Number of protein chains: 2
Amino acid sequence: MPKKRTYHHGDLKNALIKAGVEILAQDGVSGMSLRKVAMKAGVSHSAPYSHFADKQALIAAISTEGFRQLYERMSAVAEGYNSQPSKQLVEAAWTYIQFALDDPDRFKVMFSGVLEKEKEYPEFVAESQRNFQLVKSIVESNQAAGILRSGSSDLMALSAWGIIHGFAMLLLEGQIPHAILELKSLRKLVEFQLKQIMLA
Amino acid sequence: MPKKRTYHHGDLKNALIKAGVEILAQDGVSGMSLRKVAMKAGVSHSAPYSHFADKQALIAAISTEGFRQLYERMSAVAEGYNSQPSKQLVEAAWTYIQFALDDPDRFKVMFSGVLEKEKEYPEFVAESQRNFQLVKSIVESNQAAGILRSGSSDLMALSAWGIIHGFAMLLLEGQIPHAILELKSLRKLVEFQLKQIMLA
DNA sequence: CTACAATCTTTACACTGTCAAGATTGAGAG
DNA sequence: CTCTCAATCTTGACAGTGTAAAGATTGTAG
């Protein structure tokens, strides 16, 4: 990777996304300004506008990239447990929680309404739907294995995702009572959560 | 209520909270500036600082007030179905969803990390915990009635809340696939979600 | 080699949160 | 009733923000 010193950056778009993620992790969502991101990428404060219509568009790109990574991690884990559907579900869920805890601010940006009009960003919509499809397919193999009751896999996936997503949210917001967190390890908690919807 | 024309407003603190909620519903979370709120309350742009340390403190107050209202609505509904635990659960959940849909931006402010250091606002923490206790008590009466399996009511409440909260979130973010929303009514969906954790 | 389109910089503006200094007021002490 | 003071509100200022417009710089297609 040659040291960037040219007028034309070469790959500024991705550099901005990367810088954005870093500032997000460092200064939190309210600390991430376009100007800071530009500066971190070594570029003037208006340069981002050559690649993003506005700040929302950059946030959309960061979110989209986040979903891409989430998908990669979850699908890799899911494939690893292809022959054990029940583990597949738990491990994918665990990966989801890990992803949320790894970089809480990015996770918040992805899900918590910082991005205001998601519908306007087709790539974002596509990537988030791809994740839902993944959950759905895991649910379906669990249904086939008799671990989850039969029925609309869409709704079932929604339940599973809802449980884990809600759990992750409450975790990040610090809403989980301390007594609970001390009682059991996080991992056990995730398993417990999922057992709620599993048969037997 | 006498028309306010005095130098001393009288109840500016609550007036600011009220104005904040209105602007929130009208301009969304990114459109709510302290200065707009002050102007809407008919007061100079710096007046809020007599009552709130900073913008975060105002947001905390709005969130706290939101939790208060959520508690009132849910507890009223819960009491109404005191003798029918299963309905109690479904109706409370339905109230939760309604609350989220009634004023999505306020809901987002309450839950979605707009408030950055919730721990610093004891009233906020207290009020959100009061809501959790309510869910917990509903869960316990459901356990007593044999509708939910026995076990830690804390974890059980977390599951129930997680399902509904996650569902509300996905709803607000527009993540619910259209096919699902057209398939069944929202109300039926909520019931379906909860059936996942209910016995029989 | 040249013109063009993409990329980046500079400059500018309105708006934001916040602070400091001062003006206005109600309420309690004498 | 008057004085005083603390609470409340206003004014003015500042740095930081997102974004638009105009100009500079470059790779690249013709």
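Since this is a predicted model, take the numbers as computed values, not measurements. Reminder, nothing fancy here: chain letters follow the sequence lines and each chain counts from 1.
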Is a donor from one side chain sitting under 3.5 angstrom from an acceptor on the other, for [X] and [Y]?
X        : Y        : answer
B/Ser150 : B/Gln143 : no
B/Thr64  : B/Glu123 : no
A/Gln98  : A/Arg187 : no

The correct set of residues in residues 28-37 of chain B placing a heavy atom under 4.0 Å from DNA chain D is B/Arg35
Within residues 45-64 of chain A, those residues having any heavy atom closer than 4.0 Å to DNA chain D are A/His45, A/Ser46, A/Tyr49, A/Asp54, A/Lys55
Sequence neighbours excluded, the answer for side chain to side chain contact (heavy atoms under 4.5 Å, CB included) partners of A/Arg130 is A/Arg68, A/Tyr71, A/Glu127
CD (B/Gln196) and CE (A/Met156) are apart, to the nearest 0.5 Å, by 4.5 Å
side-chain hydrogen bond (donor to acceptor under 3.5 Å, both in side chains) filter on B/Lys55, not counting sequence neighbours, yields none
Atom pair distance, as rounded to whole Å: [atom1] in [X] and [atom2] in [N]:
X       : N      : atom1 : atom2 : result
B/Leu12 : C/dG26 : CG    : P     : 15 Å
B/Met39 : D/dT11 : CE    : P     : 12 Å
B/Asp11 : C/dG26 : CG    : P     : 16 Å

Using the rule that two of Ile, Leu, Val, Met, Phe, Trp, Tyr join whenever any of their side-chain heavy atoms come within less than 4.5 Å, decide whether A/Phe107 and B/Val29 are in one cluster.
yes
On a heavy-atom basis, the closest approach of B/Val109 and B/Ser63 is CG1-OG, 3.4 Å
TODO: Indicate, with yes or no, if the rings of A/Phe67 and A/Phe132 have centres closer together than 6.0 Å.
DONE: no
Report task. Any side chain to side chain donor-acceptor pair (under 3.5 Å) involving residues 11-35 of chain B? Give me the pairs, sequence neighbours left out, ordered by first then second residue. Result ->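 Qualifying pairs, neighbours excluded: A/Glu116-B/Ser30, B/Asp27-B/Lys36.
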Please tabulate, one pair per line, each protein N/O and nucleotide N/O from nucleotides 5-7 of chain D that are separated by under 3.5 Å, including the distance.
none

